Amino acid sequence: MDRALIVSGSEKGMNAIEQLLKSFGYGKTMTIASGSEARRLIDTNEFELVVINTPLSDEFGHELSIMIAESSTAGIILICKNDIADDVSEKVGDFGVCVVPKPLNKVVFHQSLKLVQATRARMLGLKKENVKLLTKIDEMRLINRAKCTLMQYLKFTEPQAHRYIEKQAMDTRQTRKEVALRILATYER
């Protein structure tokens with residue numbers, strides 16, 4: 001993880017967070033001052049981490065954190081005043097946003113950063129597994145469509161159609177998906 005975006009309405013806070021991130025190994029950091037700039041930047045760039053130091057110049061920042069959580073895979077840390085941290089955490093917690101209270105403590109920030117990194121890694125693993133499962137489901141639908149086609153045009157039973165696709169895949173050294181595509185290309189014109 002080394003691409004980070006810092007959104008802060010205060011120059012002093014922005015510099016302090018940037019120095020903290022650099023000390024924790026983030027070499028590529030971008031800094032901006034408003035939520036609207038962040039929204040434009042998130043649409044065109046992929047960040048591993050977004051740190052929002054509230055309040056921003058054009059909004060508070062919790063809406064921005066929710067938008068980023070819903071539209072990207074970035075880990076998000078929202079920094080806000082200590083007296084409202086619990087309230088803000090209730091609003092953004094379900095979206096996986098980590099809230100850190102001000103004044104910023106280096107140890108707490110580092111622990112939050114590690115937690116966000118671990119959570120993001122787990123989320124990316126689940127996303128990868130989800131893509132794999134969706135691909136498998138699409139393949140199964142395609143094969144089932146090919147079976148139905150064989151049953152309709154060649155009057156096969158379901159076990160016969162299944163056996164035919166399996167045998168064709170073995171005999172031609174193709175995947176069942178490739179065989180199913182060939183069957184569908186032949187009969188569904």
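From a predicted model like this one, the values you see are computed outputs, not experimental measurements.
Met30 and Ile17 fall into different hydrophobic clusters, where Ile, Leu, Val, Met, Phe, Trp and Tyr are joined by side-chain heavy atoms under 4.5 Å apart, directly or via other members. Transitive grouping of hydrophobic side chains (ILVMFWY, heavy atoms separated by less than 4.5 Å) keeps Leu5 and Leu113 in distinct clusters. No continuous path of hydrophobic side-chain contacts links Val50 to Met14 [ILVMFWY only; heavy atoms under 4.5 Å]. With hydrophobic clusters built from ILVMFWY side chains whose heavy atoms lie under 4.5 angstrom apart, Ile76 shares a cluster with Val99. Leu41 and Ile77 end up in different hydrophobic clusters when Ile, Leu, Val, Met, Phe, Trp and Tyr side chains are linked at under 4.5 Å.
For the side-chain hydrogen bond (donor to acceptor under 3.5 Å, both in side chains) test, residues two or more places apart in sequence or in another chain that qualify with Lys102 are Asn53.
Taking CG of Leu21 as the reference point, atom CD of Gln19 lies at 9.5 Å (rounded to 0.5 Å). From Ile52, atom CD1 reaches atom OG of Ser65 across 5.0 Å, with rounding to the nearest 0.5 Å. Rounding to the nearest 0.5 Å gives a distance of 4.5 Å between OG1 of Thr73 and CZ of Arg120. To the nearest 0.5 Å, atoms SG (Cys98) and NZ (Lys114) are separated by 14.0 Å. Distance CG/Leu78 to CG/Leu64: 8.5 Å, rounded to 0.5 Å. Taking CD of Glu166 as the reference point, atom CZ of Arg163 lies at 8.0 Å (rounded to 0.5 Å).
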Exercise for the section: Give the C-alpha distance, both sets of side-chain angles, the deciding distance and a yes or no for side-chain hydrogen bond (donor to acceptor under 3.5 Å, both in side chains) between Glu59 and Ser36. Expected result: CA-CA 9 Å; Glu59 63 181 281; Ser36 56; over 6 Å; no
Handout entry: side chain to side chain contact (heavy atoms under 4.5 Å, CB included) between Glu63 and Arg39, intermediate numbers included
Key = CA-CA 11 Å; Glu63 300 95 351; Arg39 290 175 202 283; 4.2 Å; yes
Problem - Derivation of the side chain to side chain contact (heavy atoms under 4.5 Å, CB included) call for Thr54 and Ile84 - result: CA-CA 11 Å; Thr54 63; Ile84 61 169; 5.6 Å; no
Handout entry: Trace of the side chain to side chain contact (heavy atoms under 4.5 Å, CB included) decision for Arg3 with Asn45
Key = CA-CA 10 Å; Arg3 281 186 52 90; Asn45 293 284; 3.7 Å; yes
Practice task
Before giving the answer on side chain to side chain contact (heavy atoms under 4.5 Å, CB included), spell out for Met67 and Phe95 the whole-Å C-alpha distance, their side-chain angles and the decisive distance to 0.1 Å.
Solution key: CA-CA 9 Å; Met67 186 280 300; Phe95 297 93; over 6 Å; no
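Between Ser112 and Val100, the shortest heavy-atom contact is OG-CG2, 3.4 Å. Closest heavy-atom contact between Leu56 and Gly9: CD2-N, 3.9 Å. When all heavy atoms of Phe47 and Ala74 are compared, the pair lying nearest together is O-CB, 3.2 Å. Taking every heavy atom of both residues into account, Thr186 and Arg182 meet most closely at OG1-O, 2.8 Å.
Arg176 places no side-chain N or O within donor-acceptor distance of the main-chain N or O of Ile165, the cut-off being under 3.5 Å. Remark: side-chain polar atoms of Asp58 are paired, donor with acceptor, to backbone N or O of Gly35 under 3.5 angstrom. With Thr172 contributing its side chain and Gln168 its backbone, the two residues share a donor-acceptor pair below 3.5 Å. A donor-acceptor pair under 3.5 Å is absent between the side-chain atoms of Ser89 and the main chain of Asp86, judged by distance alone. Checking side-chain atoms of Ser8 against main-chain N and O of Ala33 turns up no donor-acceptor pair under 3.5 Å.
At least one side-chain heavy atom of Leu115 sits under 4.5 Å from a side-chain heavy atom of Thr119. A heavy-atom distance below 4.5 Å is found between the side chains of Tyr164 and Ile183.
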Listed pairs under 3.5 Å, donor-acceptor, residues 133-153 side chains, sequence neighbours left out:
unit_1, atom_1, unit_2, atom_2, d
Thr135, OG1, Val131, O, 2.8
Asn144, ND2, Met140, O, 3.3
Arg145, NH2, Glu188, OE1, 3.1
Lys147, NZ, Glu158, OE2, 3.1
Lys147, NZ, His162, ND1, 3.1
Thr149, OG1, Arg145, O, 2.9
Thr149, OG1, Glu188, OE2, 3.2

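Screening Ile6, Val51, Val88, Val7 for a side chain to side chain contact (heavy atoms under 4.5 Å, CB included) involving Ile79 leaves a single residue, Val51.
Environment of CD in Glu46: crowded, with over 12 heavy atoms of neighbouring residues, nucleotides or ligands closer than 6.0 Å.
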